[in-house]
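In what follows, a single structure is set out as structure tokens and then discussed.
Order of the sequence lines fixes the chain letters, A, B, ..., with proteins taken first and strands second; residue numbering starts at 1 for each chain. Here the structure is a predicted model, which is why all the values come from computation and not from measurement.
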2 protein chains.
Amino acid sequence: MPAGADRERRRVGIVDVAAAAGVSRQTVSNVLNGREEYYSTATYEKVTSAMRALGYRPNRAAQTLRSRRTAQIGYHIFGEQLDQAQGFTLRFLQSLVRAAAEVDHQVLVFTHRRDDPLGVFKDLVARHAVDAIVLSESTVDDDRARFLADSGIPFACFGRLAPDLPQHWVDVDNTAGMSAVVDALVADGHLRFAYLAADGDQYWKLDRLDGVVRRLAHHGVRLPKSAMFRGSDQGVRRRARQLLTGKNPPSAIVTGSDAVAAAVVGVAHSLGLGVGSDVAVTGFDGGAVGLVTEPTLTSARIPVDRVSRTLVARCLRQVEHGRDDEPGLVLPTELVRGGSA
Amino acid sequence: MPAGADRERRRVGIVDVAAAAGVSRQTVSNVLNGREEYYSTATYEKVTSAMRALGYRPNRAAQTLRSRRTAQIGYHIFGEQLDQAQGFTLRFLQSLVRAAAEVDHQVLVFTHRRDDPLGVFKDLVARHAVDAIVLSESTVDDDRARFLADSGIPFACFGRLAPDLPQHWVDVDNTAGMSAVVDALVADGHLRFAYLAADGDQYWKLDRLDGVVRRLAHHGVRLPKSAMFRGSDQGVRRRARQLLTGKNPPSAIVTGSDAVAAAVVGVAHSLGLGVGSDVAVTGFDGGAVGLVTEPTLTSARIPVDRVSRTLVARCLRQVEHGRDDEPGLVLPTELVRGGSA
DNA sequence: CTGAAAGCGCTAACAT
DNA sequence: ATGTTAGCGCTTTCAG
């Protein structure tokens with residue numbers, strides 16, 4: 001039996017498509033890569049129908065090797081995440097994956113090793129495993145961002161960066177977000193406020209606090225020192241209890257995040273107070289946490305989808321045109337009204 | 001000036017290493033791929049030091065194209081995840097990424113498009129974008145698993161699969177986990193129990209319920225119908241309140257998950273009851289949720305790291321030796337005692 | 001607009 | 001134990 005008779009199920013390659021369509025392999029490649037100047041509509045039809053008929057899908061490794069584009073975006077997550085970020089990280093990742101998919105890219109998730117935080121980054125860059133890297137929960141002076149900037153790989157951060165770093169970032173307007181929350185509360189007639197938040201001196205935590213203080217001042221409402229607290233989850237609960245059982249309790253408790261708000265809601269319940277009626281509670285984030293509290297949270301929603309889409313766009317821009325001097329982008333939050341305020 | 005004088009920063013390739021080490025490219029390749037039969041210790045030293053000196057890192061695309069191995073594992077996540085799984089998914093992903101990294105693999109995260117749930121899978125398989133795929137939250141008769149089985153790509157699931165599917169799965173022993181919880185509670189002298197859980201008829205939810213009922217029976221304790229409830233988060237809260245304020249309230253509330261347990265803890269607090277003192281509450285999972293409640297939860301901990309490591313191992317086994325007939329693996333949970341029971 | 005040639009950087013299969 | 005010869009399947013460059 002001649003070798004040609006083998007029922008061998010060969011992978012279908014670009015040449016098979018070319019043969020089936022009666023054109024050369026490049027024409028197929030051009031169609032594949034949407035180089036519209038280089039083929040006629042008729043050719044396009046022939047080629048695409050041949051691809052469909054053969055069930056052809058280009059081999060990624062070959063494309064990558066030749067074009068030097070992986071169509072993959074790296075996303076760094078921290079290994080240990082017992083904190084507030086928990087819920088948000090997954091929401092963001094989901095959004096990022098969708099945003100990447102919209103432009104035919106995939107997301108490679110990676111973590112660092114404890115003993116060598118930058119090692120993975122070096123590896124990824126050196127091995128050309130990704131076209132760009134996205135960072136979230138970045139600090140202003142972020143080691144990772146600094147390394148990426150030095151190495152020259154395209155990147156973008158969710159969170160603003162120091163002025164001496166490339167401004168490849170997107171962030172939300174924390175101050176304005178809190179202002180909107182305060183405005184709504186004031187419009188509802190609240191006069192006695194408190195602000196509770198997780199501790200930490202990240203700029204966004206400070207911005208949120210600042211937003212509340214300033215906006216209340218704008219409305220002529222003072223926020224007494226004793227009604228401001230930033231600390232651990234436990235500390236927040238304790239202080240919430242103190243405030244709510246003390247004399248002249250706040251009628252509205254603004255918090256720095258949905259996680260904190262959820263904790264406060266729990267405390268209020270435990271004191272037999274009606275949330276949204278006896279006391280208003282607000283959060284910041286607008287993700288899933290706020291939907292499982294009872295009542296649901298009024299919160300400043302972070303527009304995750306816009307954030308991730310922008311991040312992906314900025315990455316690809318750098319991939320295609322080299323490092324740019326675009327400034328950072330600040331996105332507004334959206335006030336979502338739940339039953340908690 | 002001659003062209004050779006260009007200060008052109010060329011990528012260092014395998015030939016550069018070979019030249020520097022004074023060996024052929026294959027020898028370098030052999031060292032790279034740990035084919036120990038094919039080089040001497042002396043050669044190894046020469047080659048590795050040359051690699052270090054040149055800062056050489058093999059190009060992934062080229063390796064993939066030639067070896068037909070991507071060193072990437074795909075992980076599918078659902079797009080909308082407002083439910084209990086939330087916290088767990090991220091914990092699992094983190095663990096999976098680490099487990100993959102331990103064997104020099106990376107994790108590619110992807111979601112499906114609503115209108116074509118299997119489309120991404122087809123694409124990934126056809127384009128050889130990953131070596132294997134990991135699924136979590138799989139159902140017994142999982143469409144995704146069925147597709148993967150048909151397509152022949154290596155895969156592994158967190159969650160048992162129907163007998164007519166390849167048994168590429170790992171799962172935890174839900175029944176035994178609950179038994180351990182019940183044992184601890186009984187040992188503490190509890191006699192009046194209740195069981196609250198999220199609704200849904202996934203086998204693991206049924207197994208957990210079953211575990212509680214059987215083990216209580218084993219101890220001679222009856223769980224009245226009225227003390228068993230499965231429903232929405234809201235429903236659970238309502239029922240918890242009813243139970244705790246009714247006559248003859250339970251002294252121990254066993255729940256189907258840490259998320260439900262957290263809700264029950266909130267309800268107990270709202271009724272002024274001390275959790276861990278007035279009423280015991282237990283969860284199932286052992287992740288971050290149980291650490292932020294007050295007190296922390298007593299729970300059956302899912303050994304995520306073992307799960308993900310096993311999943312990765314099973315994937316690689318198939319990659320290397322083809323589909324196997326290994327049976328599914330059931331892993332035990334570990335009882336973690338928090339302050340809630 | 002289409003075709004032919006060249007090669008991305010590596011590893012498999014063979015030789016030595 | 002090391003070297004030689006061929007590609008992997010595509011895209012780039014350049015010629016028609």
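- Straight-line distance from the CG atom of A/Leu54 to the P atom of D/dG9: 15 Å, rounded to whole Å.
- Computed from coordinates, the A/Arg57 CZ to D/dC10 P distance equals 12 Å when rounded to whole Å.
- For the OP1/OP2 pair of D/dT11 and a distance below 4.0 Å, the side-chain nitrogens and oxygens of A/Asn33 include at least one atom meeting the criterion.
- In terms of the salt bridge (charged side-chain N to carboxylate O under 4.0 Å, His left out) criterion, A/Arg66 has no residue partners (sequence neighbours excluded).
- A side-chain donor from one of A/Arg60 and A/Gln106 sits under 3.5 Å from a side-chain acceptor of the other.
- For the ring-ring contact (aromatic ring centres under 6.0 Å, His included) with A/Phe110, the qualifying choice from A/Tyr75, A/Phe121, A/Phe78 is A/Phe121, the only one to do so.
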Evaluate the criterion side chain to side chain contact (heavy atoms under 4.5 Å, CB included) for residue pair A/Cys315 and A/Val134; output intermediate values, then yes/no. CA-CA 8 Å; A/Cys315 281; A/Val134 166; 3.9 Å; yes
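- Residue contacts for A/Arg35: at a heavy-atom cut-off of 4.0 Å it reaches the sugar-phosphate backbone alone, with no base atom in range.
- Partners of A/Arg146 according to the salt bridge (charged side-chain N to carboxylate O under 4.0 Å, His left out) rule, which considers only residues two or more places apart in sequence or in another chain, are A/Asp141, A/Asp164.
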Are any protein N/O atoms closer than 3.5 Å to N/O atoms in nucleotides 4-8 of chain C? If there are, list each pair with its distance.
| residue | atom | partner | partner atom | Å |
| --- | --- | --- | --- | --- |
| C/dA4 | N7 | A/Gln26 | NE2 | 2.7 |
| C/dA4 | N6 | A/Gln26 | NE2 | 3.1 |
| C/dG7 | N2 | A/Arg66 | NE | 2.8 |
| C/dC8 | O4' | A/Arg66 | NH1 | 3.3 |
| C/dC8 | O3' | A/Arg68 | NH2 | 3.1 |

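- Atom CD in B/Gln63 sits roughly 17 Å away from atom P in D/dG9 (whole-Å rounding).
- Judged as a side-chain hydrogen bond (donor to acceptor under 3.5 Å, both in side chains), and not counting sequence neighbours, B/Asp143 has no contacts.
- Counting heavy atoms from C-beta on, the side chains of A/Arg314 and A/Asp324 come closer than 4.5 Å.
- Taking every heavy atom of residues 37-49 of chain A and every atom of DNA chain C, pairs under 4.0 Å involve A/Glu37, A/Tyr38, A/Tyr39, A/Ser40, A/Thr43, by number.
- Residue-level contact check: A/Arg69 touches neither bases nor backbone, having no heavy atom under 4.0 Å from any strand.
- By the salt bridge (charged side-chain N to carboxylate O under 4.0 Å, His left out) test, B/Asp115 is found to be paired with B/Arg113, residues two or more places apart in sequence or in another chain being considered.
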